[in-house]
Protein chains: 2
Amino acid sequence: MRPESEVFREFLIHKGMRSTPEREEILAEVFAHHDHFDVEELIMRLRRRGLRISRASVYRTLALLVESGMVGEVYIEDGHMHYEHIYGHEHHCHLRCLGCRKLIEFRNGSLKEMEKRIGQENDFEIIGHKLEIYGYCAACRGEES
Amino acid sequence: MRPESEVFREFLIHKGMRSTPEREEILAEVFAHHDHFDVEELIMRLRRRGLRISRASVYRTLALLVESGMVGEVYIEDGHMHYEHIYGHEHHCHLRCLGCRKLIEFRNGSLKEMEKRIGQENDFEIIGHKLEIYGYCAACRGEES
DNA sequence: TTGTAAATGAGACTCTATATCATTATTTTA
DNA sequence: TAAAATAATGATATAGAGTCTCATTTACAA
Ligand SMILES: [Mn+2]
Ligand SMILES: [Mn+2]
Ligand SMILES: [Zn+2]
Ligand SMILES: [Zn+2]
């Protein structure tokens, strides 16, 4: 698998855009952790590494990463957008606990077939999906009973 | 099936809250159309009916309707929340066209079984799900080729 | 009818995200 | 390499969604 930096640089060049230190640092930080982060958290992580990249550039670069398909948006009912890196990872969906708000990842092969069927039934060319299942995790069920 | 107003009133009473003309009018308007609306649109519809209900009350009442389960939140990448009435309707998911942004509803029986399996595999008590599939509708595919 | 607790409405406020624009950096061209 | 052209950055202003405050009004129950 080709390194993230290379793929991103190619994406930028293809769009007639430039590779900059800021963009490379943000990319590196985004791929340094596997979790669901928000912009504020990302800025903090960059700061901790001694980098003072402006909020505007962080927002702009995240938009580019999403457009490139290397980063995904995660909807968390929290008033602001969250993100996760995707490139190099198998597609997954999210289980959300309504008790502790924890987000659990799970893989789901059978959605592929379902997608195919739904596409045919609705005359739709399907590119992807977002599935979030919500309920209660083991820990939260235990506490209540 | 019991009328919306009755169900909502019961929900309010159960919470120690009061039934008010504003809440009833908002409820009625929400159930007057089957579509995916935002707060601004809802306020406009109320205005057209000669009602001047404050923005704050509309927001507050929508939150109650969502809490009651009669109304669902619809995530549209548009900078603000959208809603749809749910009570009295079979559960459905959304197909979104990346071309014209149209939102198509579809029903999906096989997700029930999938939910069951995923719940067992992840030790999760599943309450519900949100599935959005995105791709290109027939019209948008036609235009391009 | 009266008292009390809750809801409304106007507007201030918060917060996320975007737009603006002067300055700085990168890339191209000569 | 130097100069010109183009794009990106960062500081800050701005926009917009949604929440909060609080004085006034209303619903409900005693
Ligand atoms: Mn994830
Ligand atoms: Mn719908
Ligand atoms: Zn939990
Ligand atoms: Zn379309």
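The chains referred to below are lettered A, B, ... by the order of the sequence lines, with proteins before strands, and numbering in each begins at 1. From a predicted model like this one, the values you see are computed outputs, not experimental measurements.
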Nearest-angstrom distance from the residue atom [atom1] of [X] to [atom2] of [N]:
| X | N | atom1 | atom2 | answer |
| --- | --- | --- | --- | --- |
| A/E22 | C/dT24 | CD | P | 14 Å |
| A/E25 | C/dA25 | CD | P | 15 Å |
| B/I53 | D/dT25 | CD1 | C1' | 15 Å |
| B/F8 | C/dA7 | CZ | P | 11 Å |
| B/D38 | D/dG18 | CG | C1' | 13 Å |
| A/D78 | D/dT19 | CG | C1' | 15 Å |
| A/I76 | C/dT16 | CD1 | C1' | 15 Å |
| A/R18 | D/dT9 | CZ | P | 10 Å |

Can a side chain N or O of [X] be found less than 4.0 Å away from OP1 or OP2 on [N]?
| X | N | value |
| --- | --- | --- |
| A/R23 | D/dA8 | yes |
| A/S54 | D/dA11 | no |
| A/R55 | C/dT16 | no |
| A/T20 | D/dT9 | yes |
| A/Y59 | C/dA17 | yes |

Minimum side-chain heavy-atom gap B/F37-B/H85 below 4.5 Å
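Sidechains of B/H85 and B/F37: no contact.
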Is any N or O donor-acceptor pair between the side chain of A/R60 and the base of D/dG10 shorter than 3.5 Å?
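Counting by modelled atom types and ignoring angles, a donor-acceptor contact under 3.5 Å is found here.
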Choosing from D/dG18, C/dT16, C/dT8, which nucleotide comes nearest the side chain of B/H80?
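Closest nucleotide to the B/H80 side chain: D/dG18.
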Donor-acceptor side-chain pairing of B/H33 and B/E41 below 3.5 angstrom
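No pair is found: no donor N or O on one side chain lies under 3.5 Å from an acceptor on the other.
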Just by distance, no angles: are the side chains of A/H34 and A/E105 close enough, under 3.5 Å, to form a donor-acceptor pair?
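Per modelled atom types, A/H34 and A/E105 side chains form a pair under 3.5 Å.
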N/O donor-acceptor pair under 3.5 Å between B/R96 side chain and B/G135 backbone
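No; zero donor-acceptor contacts below 3.5 Å.
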Look only at the side chain of A/H94 and the backbone of A/L103, and say whether a donor-acceptor pair between them is shorter than 3.5 Å.
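No; judged by distance alone, with no hydrogens or angles, the pair does not exist.
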On DNA chain D, compare the nucleotides closest to A/R52 and B/G79; which residue's is nearer the 5' end?
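Nearest-nucleotide comparison on DNA chain D picks A/R52.
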Would you kindly compare B/M17 and A/M81 by the position of their nearest DNA chain C nucleotide and give the one closer to the 5′ end?
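In this pair, the answer is B/M17.
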